Amino acid sequence: MMSSVCVRVARRLHGDRALLGHFLSPSRSPAPFLTCQPDRKYASKQFRGPKREPRVQKVKQVKQEVEIRQRMSVSALADAMNKDVEHVLQALLNTAVDPDSLGPDSVLKEQCIKEVVTRSGMKFRWEKLSESRERPNRDAHRKPVDPSRLKPRPPVVTIMGHVDHGKTTLLDSLRKSQLVLSEAGGITQHIGAFLVQLPTGERITFLDTPGHAAFSSMRGRGADATDIIVLVVAADDGVMNQTVESIQHAKRAGVPMIVAVNKCDKRQSDPQKVKQELLAHDVVCEEFGGDVQAIHVSALKGDNLMELAEATVALAEVLELKADPGGAVEGLIIESRSERGRGLVTTALVQTGTLRRGSVLVAGTSWAKVRFLLDENGRALEEAGPSVAVEIAGWKELPAAGDTMMEVESEQRAKEVVEWRVQQGEAQQLLEEQQLIQVKQQLHLDQYQQQREGMMHLSWRQRKRILYKTHKDQHTMRPSEKSSGEGAGLQLIVKGDVDGSVEALLNILSSYDAQLQCPLDILDYGIGDISENDVNMANTFSGSVYGFNVAASKSIVQLAEKLCVPLRLHNIIYKLIDELKDELSSKLPPLKTENIVGEATVLAMFDVSVGKRKLPVAGCRVQKGLLDRRMTFRLIRGRDAIWEGPLLALKHHKDDVQTVKLGMECGLSVDVEVEFRAGDVVVCFEELDAAQVTSWDPGF
């Protein structure tokens, strides 16, 4: 028992094995009261010292491997690390890069990418670049022409000039038709192709182009597809805007011209003046020593038309126009449209080869197996040779006007060509988008650095707080604080009868420069009549549907009325643009204007007792117009406006009056503390709402 007590005391005091052994050593003579034998139970096992912890074997930590590449964006790096964007931005703290200037699409430098991965406890490896095999060019190519197989072909003549100068009337006289009577508004709004056979037996293919300013692209296509240009200028009007533009198209395409001075039968005509005006645009007629033929004609009466035709044939002989009728077909898409019962139809000009039914054609990113061929009068044709304009049906998709048309061996080959062109177009578009993104990112970075130069001394938390407050203030701005001239915006769906019409409308809309005044967006555009999908889309986005030379069925009109979707259908382009400008103007908030009703001069100040208080009154004399108590008043001292608001009372002598006329004296008082002085001017005016008009000018 005694030994157990000794052990417990020793353990409590020291817990040391050596001390305990010394205390219980037999060589030491113990004290009488501590004489005891050591307990084997405690001495042999329990006091061999503390147990050693088992050695833990260290497991080698495997770091996550991140695949990186050059010019990674923040979001791309976050995805590669299986982290969110905030983790990447936090890893860039206390580095040379400001995290506040970065967004999910911001591109990081190589050093920043490595720094983020390393700080995140990961390791990086470079992405393996897969060797992309260069695809063989599967596009259709022009085949070389054997000069021995070339044969003379009819000339292609394009009639160009200003609107209403008589181009279509001239063509009608040559064809002995009345096409101009069927045109909406009496103006040509499409490009037409016609084959004319002269009494002498010669054949000429004429292209009639629109003269309106909106159809510049159509005139450009006409110049590219032609051999000779007949420039029609009215003798009573002279050289106009579209006349000059036609001359520029001819020079750009390198096409010779013949000037037809039209309307020479009018009393006020002056052909000599027209030819002198043409000199200013480097068009020198033969009588002035140049090489341009000028023919005086009257399209309405048919005067000198044969002389014009002979001049055209003579110029064509000089040009020695030839083509291979037996080779592969090549041509130019003049116009494309969708027709009910026929499907997708194009008007094309055959330039070489002979086009037949069953031929497989490729144009742009579309192909066709020709179902039938039609001439300009709707008659079916079995074949069409060089310089012949035909309508082609059988297209899988509508090609764009101006596309080159080529014949291929089979449908499989046509699909290969289209697939190749689509992929090349997508690759080119992707490259352009990447370049645009880089430019915008650099521009954004430059703007950011300029705006934050004054905050560089602040910490990133302080800068973030300021940016957040600024962003919040911008989004919580009251409507009254925003620009009062900004409209609600207009969403458009544009439909046209042919590809050229839609192109012309889009070209006009691309010139819209009043986005700050009233935003204008194009939801969709296409060819064909108004569909239910068009109305539903316009209803979804609170937009309007504009159609040019297209129709809407009764059910579509009823649906549009039910959904309150505006349908704007026109067959004259300038009327469509006028209605569009009116609708844009209606979206703008009214302008506040002031109408000055009268003016009065303050003569003296005096007080009037009203009950127990004295009310200051300004004695005035009306100098202009009249004062009306219902209007708003303004107190002007010198050039400063001191006060503005309604009157409390208006009196003539002691009577309350509604109005005070010119030359009369009156007293007026207000319900606020305003100090009137002798010589001040009191202006009476009314605020009126004036309708705003859009500042967009399409040029016609």
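Computed from a predicted model, the values in this text were never measured in an experiment.
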Which residue, Thr694, Leu520, Ile522, forms the side-chain contact (heavy atoms from CB on, under 4.5 Å) with Leu490? Leu520
Does a salt bridge link [X] with [Y], judged by any charged N lying under 4.0 Å from a carboxylate O?
X	Y	value
Asp139	Arg421	yes
Glu320	Lys322	no
Glu383	Arg357	no
Lys263	Asp237	no
Glu407	Arg413	no
Lys495	Asp529	no
Arg153	Asp227	yes
Glu382	Arg356	no

With a 4.5 Å limit on heavy-atom distance, are the side chains of [X] and [Y] in contact?
X	Y	answer
Met160	His249	yes
Gln434	Arg71	no
Trp367	Val417	no
Ile228	Leu319	yes
Leu559	Glu532	yes
Ile258	Leu315	yes
Arg568	Leu576	no
Val313	Ile204	yes

Under 6.0 Å from the [atom1] atom of [X], do we count more than 12 heavy atoms belonging to anything else shown?
X	atom1	answer
Asp146	CG	yes
Tyr525	OH	no
Gln438	CD	yes
Lys575	NZ	no

Checking the side chain of [X] only, and the main-chain atoms of [Y] only, is there a donor and an acceptor separated by less than 3.5 Å?
X	Y	result
Asn262	Ala299	yes
Tyr512	Ala514	yes
Thr365	Val422	no
Asn304	Glu307	no
Arg371	Arg342	yes
Thr226	Ile229	no
Ser75	Asp105	no
Ser366	Glu397	yes
Asn536	Asn533	no
Thr169	Leu300	no

Side chain to side chain contact (heavy atoms under 4.5 Å, CB included) evaluation trace for Gln491 with Met537: CA-CA 10 Å; Gln491 314 289 330; Met537 183 181 295; over 6 Å; no
Candidate pair Thr205 and Val157, rule side chain to side chain contact (heavy atoms under 4.5 Å, CB included), full reasoning: CA-CA 6 Å; Thr205 297; Val157 179; over 6 Å; no
Nearest non-hydrogen partners of [X] and [Y], listed with the distance:
X	Y	result
Leu355	Val390	CD2-CG2, 4.2 Å
Asp497	Arg337	O-CB, 3.2 Å
Ile333	Ala348	CD1-CB, 4.1 Å
Val535	Val565	O-CG2, 3.8 Å
Gly526	Val502	O-CG2, 3.3 Å
Ile577	Pro698	CG2-CG, 3.7 Å

Drop me the distance from [X]'s [atom1] to [Y]'s [atom2], to the nearest 0.5 angstrom.
X	Y	atom1	atom2	result
Ser246	His162	OG	NE2	10.0 Å
Asp534	Ile493	CG	CD1	5.5 Å
Lys581	Cys518	NZ	SG	14.0 Å
Leu231	Thr158	CG	OG1	11.5 Å
Trp696	Ser511	CH2	OG	5.5 Å
Thr347	Ile334	OG1	CD1	7.0 Å

Could you go through Ser544 and Glu583, starting from their C-alpha distance and side-chain angles, then the distance that decides it, and tell me whether this counts as side-chain hydrogen bond (donor to acceptor under 3.5 Å, both in side chains)? CA-CA 9 Å; Ser544 301; Glu583 186 170 5; 2.5 Å; yes
Go through the side-chain N and O atoms of Glu432 and Gln428 and say whether any donor and acceptor fall under 3.5 Å apart. yes
Begin from the C-alpha positions of Trp395 and Ser338 and carry the test side chain to side chain contact (heavy atoms under 4.5 Å, CB included) through to its verdict. CA-CA 10 Å; Trp395 293 94; Ser338 177; over 6 Å; no
Step by step, would you call Leu492 with Asp521 a side chain to side chain contact (heavy atoms under 4.5 Å, CB included)? CA-CA 6 Å; Leu492 290 185; Asp521 294 318; over 6 Å; no
